[in-house]
Amino acid sequence: MKLIATALPDVKLIELEPHEDVRGFFARAFCSKELADAGSPFEIVQANLSFNYKRGTLRGMHYQQGPIGDPKIVRCISGGVYDVVVDLRPNSPAFCKWTAAELTAQNRRAFLVPAGCAHGFLTLSNDTELLYMMGAPFVADLAGGVRWNDPAFGIKWPFAPDIINERDASYPDFRPD
């Protein structure tokens, strides 16, 4: 497992370091000690799956408000997504900035998303599935979101979504507190 810095502080791209032979490969996908040693401690308390039928499905941009933020590690296990993280932490030097990466079943990358950041994705293929390893339990009353095309962030998506639910499409313009 290798952690790669992104344009946002604390947001890391996780790449596997496979050990291959004639059978295939074996790779560490998660190691709490390695993450802690790299300054990104993470404890898995919940795991979620997101399955998406069609290419062009957009989910997000979601986050969980304090006092219980929702750090997560997101990995695409089938298909592919354009995965985006927006830093909503007011004291962060990257406040309102975003980073993105393609996560696919083939590249086996994952995003480490800290609490206080919004997360969303656009599916690049049909039958796409993501695995979320959560560092905090979901609390419905703390769930929040920002709009995927809010000019406050200027996210550059590879194409416009074909499928998006009403809630995600209608978040108001972002206004920092």
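The structure displayed is predicted, hence computed values, not measured ones.
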Search all heavy atoms of [X] against all heavy atoms of [Y] and return the closest pair with its distance.
X      : Y      : result
Val146 : Leu88  : CG1-CD1, 4.1 Å
Leu142 : Gly66  : CD2-O, 3.6 Å
Ala115 : Arg89  : O-CD, 3.5 Å
Val85  : Cys117 : CG1-CB, 3.6 Å
Arg28  : Met1   : O-CB, 3.5 Å
Leu16  : Ala29  : CD2-CA, 3.7 Å

Are any side-chain N or O atoms of [X] and backbone N or O atoms of [Y], one a donor and one an acceptor, separated by less than 3.5 Å?
X      : Y      : result
Ser125 : Gly79  : no
Ser78  : Glu129 : no
Gln64  : Ile68  : yes
Asp168 : Arg59  : no
Gln46  : Phe138 : yes
Thr123 : Lys54  : yes

Donor-acceptor side-chain pairing of Ser92 and Asp87 below 3.5 angstrom: yes

Distance-only side-chain donor-acceptor flag, Asn149 / Arg147, under 3.5 Å: yes

Worked check of side chain to side chain contact (heavy atoms under 4.5 Å, CB included) between Tyr82 and Phe159: CA-CA 10 Å; Tyr82 184 77; Phe159 55 89; over 6 Å; no

Side chain to side chain contact (heavy atoms under 4.5 Å, CB included) between Ile77 and Leu49, intermediate numbers included: CA-CA 10 Å; Ile77 57 175; Leu49 290 173; 4.0 Å; yes

CG on Leu103 to CZ on Arg108, rounded to 0.5 Å: 13.5 Å

Spacing of Phe42 atom CZ and Glu34 atom CD [to the nearest 0.5 Å]: 14.5 Å

Please check if [X] and [Y] belong to a single hydrophobic cluster, counting links between Ile, Leu, Val, Met, Phe, Trp and Tyr side chain heavy atoms closer than 4.5 Å.
X      : Y      : value
Val74  : Met134 : yes
Phe30  : Val113 : no
Trp98  : Phe111 : no
Leu130 : Leu58  : no
Phe174 : Met61  : yes

If we only count heavy atoms from C-beta on, is the [X] to [Y] side-chain gap below 4.5 Å?
X     : Y      : answer
Asp70 : Val139 : no
Tyr63 : Lys72  : no
Ile73 : Leu35  : yes
Phe26 : Asp21  : no
Pro9  : Pro93  : yes
Arg75 : Ile14  : yes

Aromatic plane relationship, Tyr132 with Phe121 - under 30° parallel, 30 to 60° tilted, over 60° perpendicular: tilted

Residue pairs passing the side chain to side chain donor-acceptor pair (under 3.5 Å) test where at least one lies in residues 150-165, sequence neighbours excluded: none

Residue pair Tyr53, Ile163: steps toward the side chain to side chain contact (heavy atoms under 4.5 Å, CB included) verdict: CA-CA 10 Å; Tyr53 295 112; Ile163 301 168; over 6 Å; no

Leu122, Ile164, Val84, Val86 screened by side-chain contact (heavy atoms from CB on, under 4.5 Å) with Trp148, the one that passes: Ile164

Salt-bridge present (Asp83, Arg109; N to O < 4.0 Å): no

